[in-house]
Every structure is written in structure tokens, then in C-alpha cells.
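Let me begin by presenting the structure, written as C-alpha cells, before commenting on it.
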Amino acid sequence: MLSYFVTGTGTNVGKTVVTTLLTDFLSDQHTQLFPYKPIQTGANIVDGKLLAPDPEMYKHVFKDSEFDRHCTYVLQMPSSPHLAAEKENVTFHLGKIHQHITEIEKRYDGIVVEGAGGLYVPMTKTGYCMIDFVKELMYPVILVGEAGLGTINHTVLSIKVIQAKQIPIAGIILNGMGREDETLENDNIKMIEQLTNVPVVGTVPFVHNLEQRLKKKEERAILTKNWDKNIIKN
């Protein structure tokens, strides 16, 4: 069973893009990996139903007849899971999430789990956070951060927390969300690896019309062309 947990240094750093690309990247070596997001907030109402936007992106690389299994809880409020659940009168049952994961593990060759926000995003108002959930699963973590200015601090702090919790770390993927200087990005990679002893798997380059490009296999291959297959593999 091949399993990874994708988390980020914060919100909107590109976890969903990386989860989508990682699913495709690993499925080239395996029959099928299943992308799964336990909790989706900030969902949209389409035809009277809540639509989870992150699993919608997974459809570019994964097509099946049971797509509702890609997300256990879907909430409309664009906030931390604990607040959205409180405002929408929803109670998260972690046992239900773990049950879904077990079912996925039985049916597929592997699973890529995408977290919500960063490591210390609260899942419940009692203070149970995303990192507590990661600790329970003990899947190797892929940490997603921005490739540009400011990422050294955010990335190193996140890695130190993961290491302190003795959670396995597979590697780091940096997302080129803006037009950054190549010298800066290369130095960021060097310093992050030096300060954490955790390898950078690769980067996702800045491109226009990213979601459109995710729809095509040849474009996805371009986006992951510098990913190190020796870091994330069977």
C-alpha cells in the first residue's frame, strides 16, 4: 500500500494542485492511487448541492463512478474546519473518516490524502488539529510550500513540528505561484534542505491557465518534470 499525506505551510499554497499531480505522477508507476480530502470547506452550491472544489480538480487525473468518496465532509463556509462545522451544525466523526480511508485502502493500490490548510488548523473546537490527524495516520508527509520569498521560515518551522511529532516525512514540493527569481528559488531549496535534512522532491513551475493544463497528460508531465522519482516511490 502506497500512502502519502499532503499538507501545506499554510492555506492556498497549492496543496490541491500537488495532490492532483502527485496522484498522476505515482499512478504512472502503479495501477491507481486514490486522491482523498477528508474535509472540504469553502464549497460551492451547484444545482442545489454542495460541490467540493478540490476533489473536482482530482477529476483531471482520476475518473470513477464513486466520486463522492473523495470527500467525507463538505461545508460551505470558507474557514477553518472547526468554525465551518460549528456554524453549519456539523459534527466531524473521525471514525467515519478512518472508515472511508480503510475502504479506499482495500480497493486501490494507494491513497493520497490532502489536508485542510496547514498543520495547526483546528479540526474541532476542542483543539484537535490537522497535525493530530496526521499523527494518527502516520502516512509519510509531502509538505507543500511556496517557492518564492518567505518560504524558508514557513517551511522549516513546519518541518520541525513534523519531526518533533516523529511523523515520517517523504519530502517537500515547492509551488511556483508567482514569477520569482530563479536564483532565489534555487537558494530556497538549498537552504531548506540544509536546515531540515529533508529533500525537496521538486517544484511546480509558474504557468498561466494552470487548471486547464492539468487536464492534459503531456502538460502534467511538464509540470512534474523535475520531480525526483527516487524520493517518492514504492
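Lys15 meets the side-chain hydrogen bond (donor to acceptor under 3.5 Å, both in side chains) test with no other residue; sequence neighbours excluded. For Lys217, the salt bridge (charged side-chain N to carboxylate O under 4.0 Å, His left out) criterion is met by Asp24, Asp28, not counting sequence neighbours. With sequence neighbours excluded, the residues that form a side-chain contact (heavy atoms from CB on, under 4.5 Å) with Asp228 are Asn230, Ile231.
A distance-only check finds a donor-acceptor pair linking the side chain of Ser79 to the backbone of Ala84 [under 3.5 Å]. At least one donor-acceptor pair under 3.5 Å links the side chain of His70 to the backbone N or O of Pro35. Without hydrogens or angle criteria, Asn188 side chain to Ile152 main chain gives no donor-acceptor distance under 3.5 Å. Of the possible polar contacts, one joining the Asn226 side chain to the Thr203 backbone as a donor-acceptor pair under 3.5 Å is found. Counting only distance, with no hydrogens or angles, the side chain of Glu88 and the backbone of Gln76 share a donor-acceptor pair below 3.5 Å. Side-chain atoms of Asp132 come within 3.5 Å of backbone atoms of Cys129 as a donor-acceptor pair (strictly under, hydrogens ignored). Between the side chain of Gln163 and the main chain of Thr196, a donor-acceptor pair closer than 3.5 Å is present. Remark: the backbone N or O of Gly115 is paired with a side-chain donor or acceptor of Lys37 at under 3.5 angstrom. For the pair Thr151 (side chain) and Glu146 (backbone), a donor-acceptor distance under 3.5 Å is present. Side-chain N or O atoms of Ser80 include one that pairs as donor or acceptor with a backbone N or O of Pro122 at under 3.5 Å.
The shortest heavy-atom contact between Gly171 and Val198 is CA-CG1, 3.9 Å. Closest heavy-atom contact between Trp227 and Ile232: CE3-CD1, 4.2 Å. Of all non-hydrogen atoms in Phe133 and Pro38, the two that sit nearest each other are CE2-CG, 3.9 Å.
Residue Asn44 qualifies as enclosed at atom CG: its count of foreign heavy atoms under 6.0 Å is above 12.
Donor-acceptor pairing under 3.5 Å is recorded for the side chains of Thr16 and Glu114. Side chains of Tyr4 and Thr19: no donor on one and acceptor on the other come within 3.5 Å.
Note on ring orientation: taking the six-membered ring where Trp is involved, the planes of Tyr108 and Phe34 are tilted (angle from 30° to 60°).
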